[in-house]
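Whatever order the structure lists ligands and atoms in, that order sets their numbers, starting from 1. Since the model is a prediction, treat every value here as computed from it, not as a measurement. The first residue in the sequence is number 1, and the count goes up from there.
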Amino acid sequence: MVKVKTGILPFPVPICIAGTMINGKANYATYGSFGLLSPRPEMYIYIGSQESRHTNTGIKENGYFSVNIPSEEQMQKTDYVGLVSGHNTDKSAVFNSFFGSVDKAPMIEECPVNLLCKLVKTADLPNREIFFGEVLESYVNKECINNGILNFEKINPLLFTMNGPGNASYWKLGNIVGDAYKEGKNILKS
Ligand SMILES: Cc1cc2nc3c(=O)[nH]c(=O)nc-3n(C[C@H](O)[C@H](O)[C@H](O)COP(=O)(O)O)c2cc1C
(Lines give C-alpha, C1' and ligand atoms only; values in the text may rest on other atoms or scores of the structure.)
Protein backbone atom coordinates (compact mmCIF):
# COMPACT_ATOMS: atom_id res chain seq x y z
CA MET A 1 0.00 0.00 0.00
CA VAL A 2 1.07 3.57 -0.67
CA LYS A 3 0.09 6.22 1.86
CA VAL A 4 -1.49 9.16 0.00
CA LYS A 5 -2.36 12.69 1.02
CA THR A 6 -5.62 12.87 3.00
CA GLY A 7 -8.01 15.23 1.28
CA ILE A 8 -7.97 13.82 -2.22
CA LEU A 9 -11.28 12.21 -3.10
CA PRO A 10 -10.29 8.55 -2.83
CA PHE A 11 -13.25 7.05 -4.69
CA PRO A 12 -15.81 8.06 -7.35
CA VAL A 13 -19.05 9.61 -6.16
CA PRO A 14 -22.32 10.34 -7.90
CA ILE A 15 -23.04 13.97 -8.65
CA CYS A 16 -26.23 15.80 -7.79
CA ILE A 17 -27.66 19.26 -8.33
CA ALA A 18 -29.29 20.92 -5.34
CA GLY A 19 -32.26 23.16 -6.07
CA THR A 20 -33.40 26.02 -3.83
CA MET A 21 -35.61 29.08 -4.04
CA ILE A 22 -33.91 32.41 -3.36
CA ASN A 23 -35.77 35.71 -3.67
CA GLY A 24 -38.55 33.99 -5.59
CA LYS A 25 -36.19 32.42 -8.15
CA ALA A 26 -34.83 28.93 -8.61
CA ASN A 27 -31.12 28.46 -7.94
CA TYR A 28 -29.18 25.34 -8.82
CA ALA A 29 -25.72 24.17 -7.72
CA THR A 30 -23.63 21.03 -8.20
CA TYR A 31 -22.59 18.75 -5.33
CA GLY A 32 -20.23 15.79 -5.08
CA SER A 33 -20.54 15.76 -1.29
CA PHE A 34 -23.89 14.16 -0.86
CA GLY A 35 -25.29 10.88 0.29
CA LEU A 36 -28.25 8.85 1.26
CA LEU A 37 -29.24 7.49 4.67
CA SER A 38 -32.06 5.05 4.65
CA PRO A 39 -33.47 4.02 8.03
CA ARG A 40 -36.69 2.67 6.51
CA PRO A 41 -39.43 3.72 6.01
CA GLU A 42 -37.93 7.22 6.03
CA MET A 43 -35.14 8.24 3.71
CA TYR A 44 -32.69 11.05 4.38
CA ILE A 45 -30.25 12.87 2.13
CA TYR A 46 -27.34 15.02 3.17
CA ILE A 47 -25.30 17.51 1.19
CA GLY A 48 -22.04 19.09 2.33
CA SER A 49 -21.96 22.74 1.31
CA GLN A 50 -19.26 25.35 1.84
CA GLU A 51 -20.52 28.28 3.89
CA SER A 52 -20.12 30.74 1.02
CA ARG A 53 -22.64 29.00 -1.25
CA HIS A 54 -25.79 30.87 -2.22
CA THR A 55 -27.58 27.51 -1.96
CA ASN A 56 -27.13 27.59 1.83
CA THR A 57 -29.20 30.78 2.04
CA GLY A 58 -32.03 29.16 0.09
CA ILE A 59 -32.01 25.99 2.20
CA LYS A 60 -32.01 27.92 5.47
CA GLU A 61 -34.65 30.43 4.38
CA ASN A 62 -37.10 27.87 3.02
CA GLY A 63 -36.42 24.75 5.07
CA TYR A 64 -36.70 22.74 1.85
CA PHE A 65 -34.37 21.83 -1.01
CA SER A 66 -34.33 19.43 -3.92
CA VAL A 67 -31.71 16.89 -4.98
CA ASN A 68 -31.64 16.19 -8.70
CA ILE A 69 -29.62 13.44 -10.36
CA PRO A 70 -28.36 14.58 -13.76
CA SER A 71 -27.59 12.17 -16.56
CA GLU A 72 -24.70 12.35 -19.01
CA GLU A 73 -26.88 14.50 -21.28
CA GLN A 74 -26.92 17.28 -18.68
CA MET A 75 -23.16 17.23 -18.12
CA GLN A 76 -22.39 20.72 -19.45
CA LYS A 77 -25.19 22.40 -17.57
CA THR A 78 -24.37 20.41 -14.45
CA ASP A 79 -20.80 21.66 -14.60
CA TYR A 80 -21.94 25.21 -15.35
CA VAL A 81 -24.16 25.51 -12.27
CA GLY A 82 -21.14 24.32 -10.27
CA LEU A 83 -18.89 27.01 -11.75
CA VAL A 84 -21.01 30.12 -11.24
CA SER A 85 -22.74 31.25 -8.06
CA GLY A 86 -26.26 32.51 -7.59
CA HIS A 87 -24.65 35.33 -5.61
CA ASN A 88 -23.93 37.05 -8.93
CA THR A 89 -25.50 34.93 -11.70
CA ASP A 90 -29.17 34.13 -12.25
CA LYS A 91 -29.24 30.36 -12.82
CA SER A 92 -33.04 30.08 -12.74
CA ALA A 93 -33.41 29.50 -16.50
CA VAL A 94 -30.56 27.00 -16.96
CA PHE A 95 -33.05 24.17 -16.46
CA ASN A 96 -36.84 23.87 -16.69
CA SER A 97 -38.17 23.81 -13.14
CA PHE A 98 -41.14 21.96 -11.71
CA PHE A 99 -42.51 21.66 -8.19
CA GLY A 100 -43.91 18.85 -6.09
CA SER A 101 -46.40 19.49 -3.32
CA VAL A 102 -44.15 22.20 -1.82
CA ASP A 103 -43.39 25.36 -3.79
CA LYS A 104 -40.13 25.99 -1.90
CA ALA A 105 -37.86 23.54 -3.68
CA PRO A 106 -37.63 23.67 -7.48
CA MET A 107 -36.81 20.40 -9.23
CA ILE A 108 -35.27 19.90 -12.66
CA GLU A 109 -37.42 18.51 -15.47
CA GLU A 110 -34.41 17.44 -17.53
CA CYS A 111 -32.93 15.33 -14.71
CA PRO A 112 -34.20 11.74 -14.64
CA VAL A 113 -34.43 11.58 -10.83
CA ASN A 114 -35.61 14.34 -8.48
CA LEU A 115 -36.08 14.29 -4.72
CA LEU A 116 -37.99 16.84 -2.67
CA CYS A 117 -36.34 17.19 0.74
CA LYS A 118 -37.38 18.88 3.98
CA LEU A 119 -34.49 20.20 6.05
CA VAL A 120 -34.43 18.28 9.34
CA LYS A 121 -30.97 19.04 10.71
CA THR A 122 -27.89 21.15 10.00
CA ALA A 123 -24.44 20.19 11.24
CA ASP A 124 -21.40 22.47 11.20
CA LEU A 125 -17.95 21.35 10.15
CA PRO A 126 -15.04 23.72 9.49
CA ASN A 127 -16.15 25.91 6.53
CA ARG A 128 -18.91 23.43 5.72
CA GLU A 129 -22.53 23.07 6.56
CA ILE A 130 -24.08 19.64 6.25
CA PHE A 131 -27.78 19.81 5.47
CA PHE A 132 -29.81 16.72 6.29
CA GLY A 133 -33.12 16.49 4.48
CA GLU A 134 -35.94 14.01 4.80
CA VAL A 135 -37.01 12.88 1.34
CA LEU A 136 -40.72 13.68 1.08
CA GLU A 137 -41.31 12.92 -2.58
CA SER A 138 -39.36 11.19 -5.37
CA TYR A 139 -39.89 11.69 -9.09
CA VAL A 140 -38.44 9.61 -11.92
CA ASN A 141 -38.66 10.26 -15.65
CA LYS A 142 -41.20 7.78 -17.02
CA GLU A 143 -38.72 6.57 -19.67
CA CYS A 144 -36.41 5.44 -16.84
CA ILE A 145 -38.81 3.28 -14.83
CA ASN A 146 -40.84 0.21 -15.73
CA ASN A 147 -43.30 -1.39 -13.29
CA GLY A 148 -41.56 0.39 -10.43
CA ILE A 149 -38.10 -0.90 -11.43
CA LEU A 150 -35.55 1.81 -12.13
CA ASN A 151 -33.50 1.47 -15.29
CA PHE A 152 -30.07 2.82 -14.33
CA GLU A 153 -28.74 2.51 -17.87
CA LYS A 154 -31.38 5.00 -18.95
CA ILE A 155 -30.90 7.20 -15.89
CA ASN A 156 -27.22 7.18 -16.88
CA PRO A 157 -26.04 9.12 -13.80
CA LEU A 158 -22.85 11.16 -13.79
CA LEU A 159 -20.06 10.01 -11.50
CA PHE A 160 -17.27 12.29 -10.37
CA THR A 161 -13.59 11.78 -9.53
CA MET A 162 -11.14 14.37 -8.31
CA ASN A 163 -7.41 13.78 -8.34
CA GLY A 164 -6.44 17.26 -7.24
CA PRO A 165 -6.88 20.67 -8.89
CA GLY A 166 -7.19 20.52 -12.67
CA ASN A 167 -7.69 16.77 -12.63
CA ALA A 168 -11.37 16.18 -12.04
CA SER A 169 -13.54 14.06 -14.33
CA TYR A 170 -17.07 12.91 -15.01
CA TRP A 171 -17.63 9.21 -15.60
CA LYS A 172 -20.54 6.98 -16.45
CA LEU A 173 -21.70 3.63 -15.03
CA GLY A 174 -20.06 0.47 -16.35
CA ASN A 175 -21.62 -3.00 -16.30
CA ILE A 176 -23.30 -5.00 -13.57
CA VAL A 177 -20.74 -7.43 -12.17
CA GLY A 178 -22.73 -9.26 -9.51
CA ASP A 179 -25.85 -9.56 -7.38
CA ALA A 180 -25.73 -7.63 -4.11
CA TYR A 181 -26.71 -9.60 -1.00
CA LYS A 182 -26.21 -12.83 -2.98
CA GLU A 183 -22.57 -13.02 -4.05
CA GLY A 184 -21.40 -13.43 -0.44
CA LYS A 185 -23.66 -16.42 0.03
CA ASN A 186 -21.16 -18.47 -1.96
CA ILE A 187 -18.78 -18.04 0.97
CA LEU A 188 -21.53 -18.96 3.44
CA LYS A 189 -22.07 -22.21 1.56
CA SER A 190 -18.41 -23.23 1.45
C1 LIG B 1 -18.30 18.63 -9.98
C2 LIG B 1 -18.55 19.66 -8.90
C3 LIG B 1 -18.76 19.23 -7.60
C4 LIG B 1 -18.97 20.16 -6.58
N5 LIG B 1 -19.19 19.72 -5.30
C6 LIG B 1 -19.41 20.62 -4.31
C7 LIG B 1 -19.64 20.18 -2.97
O8 LIG B 1 -19.73 18.99 -2.69
N9 LIG B 1 -19.82 21.13 -2.01
C10 LIG B 1 -19.78 22.48 -2.28
O11 LIG B 1 -19.94 23.29 -1.36
N12 LIG B 1 -19.55 22.91 -3.55
C13 LIG B 1 -19.38 22.03 -4.55
N14 LIG B 1 -19.17 22.45 -5.84
C15 LIG B 1 -19.09 23.89 -6.09
C16 LIG B 1 -20.46 24.57 -6.18
O17 LIG B 1 -21.35 23.86 -7.03
C18 LIG B 1 -20.25 25.99 -6.75
O19 LIG B 1 -19.49 26.74 -5.83
C20 LIG B 1 -21.52 26.70 -7.13
O21 LIG B 1 -21.16 27.87 -7.83
C22 LIG B 1 -22.35 27.10 -5.91
O23 LIG B 1 -23.47 27.78 -6.38
P24 LIG B 1 -24.34 28.72 -5.45
O25 LIG B 1 -23.41 29.76 -4.85
O26 LIG B 1 -25.34 29.32 -6.39
O27 LIG B 1 -24.93 27.86 -4.39
C28 LIG B 1 -18.98 21.55 -6.87
C29 LIG B 1 -18.80 21.97 -8.20
C30 LIG B 1 -18.59 21.03 -9.20
C31 LIG B 1 -18.40 21.49 -10.62
Return the set of residues passing ring pair (Phe, Tyr, Trp, His ring centres under 6.0 Å) with Tyr170 (not counting sequence neighbours), or none when no residue passes.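 Applying ring pair (Phe, Tyr, Trp, His ring centres under 6.0 Å) to Tyr170 gives none.
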Listed by chain and number, what are the ring pair (Phe, Tyr, Trp, His ring centres under 6.0 Å) partners of Tyr28, not counting sequence neighbours?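 For Tyr28, the residues satisfying ring pair (Phe, Tyr, Trp, His ring centres under 6.0 Å) (neighbours in sequence not counted) are Phe95.
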Donor-acceptor pair between [X] and [Y] side chains, under 3.5 angstrom:
X	Y	answer
Asn96	Glu110	yes
Ser38	Tyr44	no
Ser101	Glu137	yes

Of all pairs that satisfy ring pair (Phe, Tyr, Trp, His ring centres under 6.0 Å), the ones with a partner from residues 58-91, not counting sequence neighbours: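 Pairs touching residues 58-91 that pass the test: His54-His87.
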Can you pull the residues with any heavy atom under 4.0 Å from ligand 1?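 Lining ligand 1 at under 4.0 Å, by heavy atoms, one finds Ile15, Asn27, Ala29, Thr30, Tyr31, Gly32, Ser33, Gly48, Ser49, Gln50, Arg53, His54, Thr55, Asp79, Val81, Gly82, Val84, Ser85, Gly86, Lys91, Phe160, Tyr170.
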